[in-house]
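What follows is one structure encoded as structure tokens, with my remarks underneath.
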Amino acid sequence: MSGRTLGCRACGAAQEGTSLRSRCECGGLLELRGSIGTERPGAEWKKLFAERRLSSTGPNASGVWRYRELVYPEAAPSAIVTFPEGNTPLLHREALNRFAGLGELLFKHEGQNPTGSFKDRGMTVGATHAARLGVGAVACASTGNTAASMAAYAAQAGLTAVVLVPEGRIALGKLAQTVAYGAKILAVRGDFDACLRLVDEGGQALGLYLLNSINPFRLEGQKAIVLELLDQLGWNPPDWIVLPAGNLGNLSAFGRALSEARALGLIDRLPRLAAIQAAGAAPFAKSFADGFATRHRVDAETVATAIRIGDPASYERAVESIRLTNGVVTTATDAEILEAKAAIDRAGVGCEPASAASLAGVRRLVREGTIAPTERAVAVLTGHLLKDPEILLKDRSALPITEVDATLSAVAAALE
């Protein structure tokens, strides 16, 4: 597989790149190792990616597969499972700059992916790898976005999709997507961490290929968020990249992408990563506060359902990303997250609650002096506004809706 193998972070043991496992026998997470093609100088990589942006069909039309040598070079172009995904915008809204207290703030809106979240970036690679291995069924534990994305890509690839969700704790928008794409859904009497433990421990015995973010190929696809972001900025990195943090897959992928981009000569310095957790689901922030001396676990509770995770699986990888970039981890309360979400929505951008943690985090870090007002930051919005509509609609009496008779005078009176 282009010289790449799977290696264990814990014990160093190696496995073939075609292994169906995400964990080593010792329990450590596996990651891809080997050359990603450092024989080209950075200027040639940039020229190649710029030329591919002109394509409207085939793999080059994808904001993941445009960077395929750095993501999954083993896949034949004809075998790639793609919508296409990616090509998400970098947005500027002056009102949000004022809200955050930062002069230069951009938003990478991953909610503009096909199924409405960043998960499509990793899932296109995970589904392509699953199809390449010839597996018949894929599985995941999910609070919603992973389920919707995996179900969509599995349907496209002709694979059976099995989803474990915490009963009564998945947003209806995400559940509706998963149902529509034809997945087999198991509602587990437990939280997300219980769902992941079940599918992680029993997946292989049940003939299921796991596509959660502990899957190393998933993370390779999620690197493309950073690669595309840097590409859009002309490979001039910002001072900060700020992102919501739940299971820590994105944080892990971002650090890996930045390290490789610097090694390839695509960038000459690393931006700092800032991971934002909901205060009620902040085990990683607790670990950061004590210098990562302890891996904390919590009973997670927050309105930001996409990051309501108390025992993040990609902990070790995420620690490495924070250390690599001299990054920080902080929290935002539910009230701060909802205030930031309201600002994003009113700016005509819109996002699900978990996404707004990034803006809430920027605001806090600026106020605390960690981010200087003159620095440039990119905040990642991970999911679409309609992913979690209940938060907006649960109190109908508070909605800005006025019932009127079907007469012009009644309309006029209401508008007055």
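The figures here come from the full heavy-atom set of this structure, side chains too, leaving out hydrogens, waters and symmetry mates.
- The side-chain heavy atoms of V378 and W240, taken from C-beta on, include no pair separated by under 4.5 Å.
- Looking only at side-chain heavy atoms (C-beta outward), S149 and D120 come within less than 4.5 Å of each other.
- With respect to the salt-bridge test (charged N to carboxylate O, under 4.0 angstrom), the residues E110 and K119 do not qualify.
- Under a 4.0 Å N-O distance rule, the pair R23/D200 qualifies as a salt bridge.
- Side-chain contact between E228 and R66 is present, with at least one heavy-atom pair separated by less than 4.5 Å.
- Judged by the 6.0 Å distance and 45° axis criteria, R93 is not positioned over the aromatic ring of F107.
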Problem set entry | side-chain contact (heavy atoms from CB on, under 4.5 Å) assessment of T370 paired with V328 | CA-CA 9 Å; T370 303; V328 299; 4.2 Å; yes

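- Salt-bridge check for R132 with E74: failed, with every basic side-chain N at 4.0 Å or more from each acidic carboxylate O.
- Using modelled atom types, one finds no donor on one side chain facing an acceptor on the other under 3.5 Å when comparing Q177 with N145.
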Problem set entry | Working for ring-ring contact (aromatic ring centres under 6.0 Å, His included), residues Y181 and Y153 | CA-CA 9 Å; Y181 294 131; Y153 280 85; 9.0 Å; no

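- When atom types are taken as modelled, the side chain of N247 and the backbone of G249 share no donor-acceptor pair closer than 3.5 angstrom.
- Side chains of K108 and T88: a donor on one and an acceptor on the other come within 3.5 Å.
- At a cut-off of 3.5 Å, with distance as the only test, a side-chain donor of T382 or S355 sits close to an acceptor on the other residue.
- Between R317 and E320, no side-chain nitrogen of the basic residue sits less than 4.0 Å from a carboxylate oxygen of the acidic one, so the salt-bridge criterion is not met.
- Annotation: R189, atom CZ; neighbour count of heavy atoms from other residues, nucleotides and ligands within 6.0 Å does not exceed 12.
- Of the inter-residue distances, the one linking S213 atom OG with N250 atom CG reads 8.5 Å to the nearest 0.5 angstrom.
- Side-chain contact between L54 and N60: absent, with no pair of heavy atoms (C-beta onward) separated by less than 4.5 Å.
- Considering only heavy atoms from C-beta on, W65 comes within 4.5 Å of E85 through its side chain.
- For the residue pair N87/R53, the side-chain donor-acceptor check at 3.5 Å is not satisfied.
- At least one donor-acceptor pair closer than 3.5 Å links the side chain of T124 to the backbone N or O of V81.
- There is a side-chain donor-acceptor pair under 3.5 Å between R364 and T331.
- A donor-acceptor pair under 3.5 Å is absent between the side-chain atoms of T128 and the main chain of I80, judged by distance alone.
- Open room surrounds CD on E25; 12 or fewer heavy atoms of other groups in view lie less than 6.0 Å from it.
- Using a 4.5 Å cut-off on side-chain heavy atoms (C-beta onward), E104 and H92 make no contact.
- Ring orientation note: the planes of H109 and H384 are tilted relative to one another, at an angle of 30° to 60°.
- Counting heavy atoms from C-beta outward, L70 and F49 have side chains that approach closer than 4.5 Å.
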For this session: Please lay out, stage by stage, how F217 and Y209 fare under the test ring-ring contact (aromatic ring centres under 6.0 Å, His included).
Result: CA-CA 12 Å; F217 295 92; Y209 182 58; 7.7 Å; no

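- Counting heavy atoms from C-beta outward, L219 and S252 have side chains that approach closer than 4.5 Å.
- Judged by distance alone, the side chain of E336 and the main-chain N or O of T333 form a donor-acceptor pair under 3.5 Å.
- For the residue pair D290/H296, the side-chain donor-acceptor check at 3.5 Å is satisfied.
- By the 6.0 Å contact criterion, CZ on R346 is open, its count of non-hydrogen atoms from other residues, nucleotides or ligands being 12 or less.
- Salt-bridge formation is not detected for the pair D193/R197: no Lys NZ or Arg NE/NH1/NH2 atom is positioned less than 4.0 Å from an Asp or Glu carboxylate oxygen.
- R169 and E301 are joined by a salt bridge, as a carboxylate oxygen and a charged side-chain nitrogen come within less than 4.0 angstrom of each other.
- Between R256 and E220 there is a salt bridge, since a side-chain N of the basic residue sits under 4.0 Å from a carboxylate O of the acidic one.
- The pair R52-E69 counts as a salt bridge, with a side-chain nitrogen and a carboxylate oxygen less than 4.0 angstrom apart.
- Under 4.0 Å is where a charged nitrogen must lie from a carboxylate oxygen, and between R308 and D191 no such pair does.
- The closest donor-acceptor contact from the side chain of Q222 to the backbone of R121 lies at 3.5 Å or more, if one exists at all.
- Note on ring orientation: taking the six-membered ring where Trp is involved, the planes of F292 and F288 are perpendicular (angle over 60°, cut-offs 30° and 60°).
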